[in-house]
Amino acid sequence: MAAGAMEERPSVLHGKYELGRMLGHGTFAKVYHGKNLQTGRHVAMKVVGKEKVIKVGMMEQIKREISVMKMVKHRNIVELHEVMASKSKIYFAMELVRGGELFNKIAKGRLREDLARLYFQQLISAVDFCHSRGVYHRDLKPENLLLDEDGNLKVTDFGLSAFSEHLKQDGLLHTTCGTPAYVAPEVIGKKGYDGAKADLWSCGVILYVLLAGFLPFQDDNIVAMYRKIYRGDFKCPPWFTSEARRLVTKLLDPNPSTRINIAKIMDSSWFKKSIPKTVKSNKEIEFETGDKSKEPEILNAFHIISLSEG
Ligand code: ATP
């Protein structure tokens, strides 16, 4: 219906934003290019249908995403400018990030080590900032890491995030959520988990993927994949340097109490190496050219979620 189509994507929203082409979409949202008619600022306008969200009981999650994004202002986190609502939709006016998802870059092949280091340093900086404010992302993966025009990484999609106030009496989080290939063993284990340690496991998977061009834990059978995750059963490819190998192994430690923490990551020799200026200013992303045909595909993974938090 024409009216429905208008409501689906008005060309001018609240008399303030002009909406243009679609930039991407996820399970619940469509994201459009937008322009603030008062300031001229370009934005990414995320549009979420209330009906769909209510139907699957995700309204609390949306409210949480809004509260979290208002709290976490950091140069490596996508900024939320404002939130608007109509009868049937919620609109998030967000910082426009024009370089696409890191996922699309890795799909072309593994990254050069110094570029992987630059992105990993930026990721850890954002994650450290979130954790210092009691925010756990819980769905860190290359699809949720955007790149701006200067190649800076920006974390997005806080739809599954949790606050420290969601900790149960045992001081742990209990919601099983995330994306299977990136999820920590203790999250699958359902006995409660430390959100910070679980995020760092996902960072370990991301670091592996950046350097390898494929996932550390893969299997067509999800139960077999979970078994590998539980055991921390992965191998680093031969081109990993010994320093990279050491850091990845400390991040992908299946025991969260001995897994490396942020302070030690930042102090590790691999992390601390300075980034050559040519990489920092390099707008063209450079890839290692290996024989891709021999390497497994990166899973375009789906979500697991069992909500129990209020
Ligand atoms: P999911 O299914 O992972 O929960 P979602 O429904 O919450 O996703 P997002 O992941 O937030 O939706 O956004 C969908 C897509 O829109 C992203 O993958 C990205 O391509 C694009 N996108 C999102 N935010 C921005 C932004 N700030 N700037 C540019 N593009 C964006």
Side-chain angles (χ1 to χ4, degrees), residues 8-9 13 17-36 41-70 72-84 89-108 122 126 130 136-162 175-183 199 202 205-206 285 298-307:
E8 171 69 19
R9 187 174 74 81
L13 179 64
Y17 288 97
E18 189 179 66
L19 296 191
R21 69 184 177 89
M22 187 155 81
L23 299 170
H25 61 87
T27 323
F28 296 102
K30 286 184 178 145
V31 180
Y32 298 93
H33 180 270
K35 187 177 169 191
N36 185 322
R41 177 160 70 175
H42 293 267
V43 299
M45 188 68 74
K46 179 163 165 168
V47 185
V48 179
K50 286 182 184 172
E51 199 183 324
K52 194 172 172 186
V53 164
I54 292 168
K55 210 161 141 186
V56 293
M58 295 288 283
M59 200 41 122
E60 279 309 313
Q61 281 300 118
I62 297 286
K63 287 183 188 160
R64 193 181 295 178
E65 183 174 1
I66 295 168
S67 322
V68 166
M69 287 194 80
K70 280 183 182 165
V72 287
K73 306 274 180 220
H74 182 274
R75 66 197 156 86
N76 297 116
I77 298 176
V78 171
E79 186 176 337
L80 176 64
H81 299 314
E82 64 174 317
V83 181
M84 293 153 286
K89 303 266 189 286
I90 304 166
Y91 300 92
F92 295 63
M94 300 184 298
E95 173 186 4
L96 176 64
V97 187
R98 297 175 191 262
E101 297 171 15
L102 182 57
F103 179 87
N104 297 329
K105 307 287 178 198
I106 310 161
K108 293 182 191 162
Q122 294 179 352
C130 289
Y136 312 108
H137 187 284
R138 301 200 297 187
D139 197 21
L140 292 168
K141 56 181 175 179
E143 295 90 320
N144 288 337
L145 305 177
L146 303 180
L147 299 174
D148 72 9
E149 285 167 312
D150 298 323
N152 291 310
L153 176 146
K154 307 260 181 182
V155 177
T156 190
D157 200 354
F158 285 79
L160 292 179
S161 59
T175 301
T176 306
C177 66
T179 300
Y182 293 86
V183 84
D199 273 351
S202 307
V205 179
I206 293 168
I285 311 296
I298 308 169
L299 281 183
N300 202 345
F302 53 89
H303 279 145
I304 41 165
I305 181 157
S306 80
L307 282 177

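All ligand and atom numbering here is 1-based and tracks the order in the structure. Excluded from the calculations below are hydrogen atoms, water molecules and symmetry mates; all remaining heavy atoms, backbone and side chain alike, are included.
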Answer side chain, backbone, both or neither: which part of [X] comes under 4.0 Å from ligand 1, heavy atoms only.
X	result
Arg98	neither
Val48	neither
Ala44	side chain
Lys154	neither

Have a look at Lys46, Met22, Met58 and point out the one with the heavy atom closest to atom 7 (O) of ligand 1. Lys46
Below 4.0 angstrom from a heavy atom of [X], which ligand 1 atoms are there? Numbered from 1 as shown, please.
X	value
Ala29	6 (O), 12 (O)
Met94	24 (N), 27 (N)
Val78	27 (N)

Quick check against the 3.5 Å criterion: does [X] have a side-chain atom that pairs as donor or acceptor with the backbone of [Y]?
X	Y	result
Asp199	His137	yes
His74	Lys154	no
Gln61	Gly159	yes
Arg64	Ala162	no
Asp150	Asn152	no

Just wondering, are more than 12 heavy atoms of other shown residues or ligands nearer than 6.0 Å to NZ in Lys73? yes
For the residue pair Phe92 and Ile62, establish whether any side-chain heavy-atom pair is separated by less than 4.5 Å. yes
For ligand 1, find out whether one of its N or O atoms is nearer than 3.5 Å to an N or O atom of [X].
X	answer
Glu101	yes
Phe28	yes
Glu143	no
Thr156	no
Val31	no
Val97	yes

Using the side-chain hydrogen bond (donor to acceptor under 3.5 Å, both in side chains) rule, pick out the option among His42, Arg98, Arg21 that qualifies with His33. His42
Can a side-chain donor-acceptor contact be found between Tyr182 and Glu143 if the only test is distance below 3.5 angstrom? no
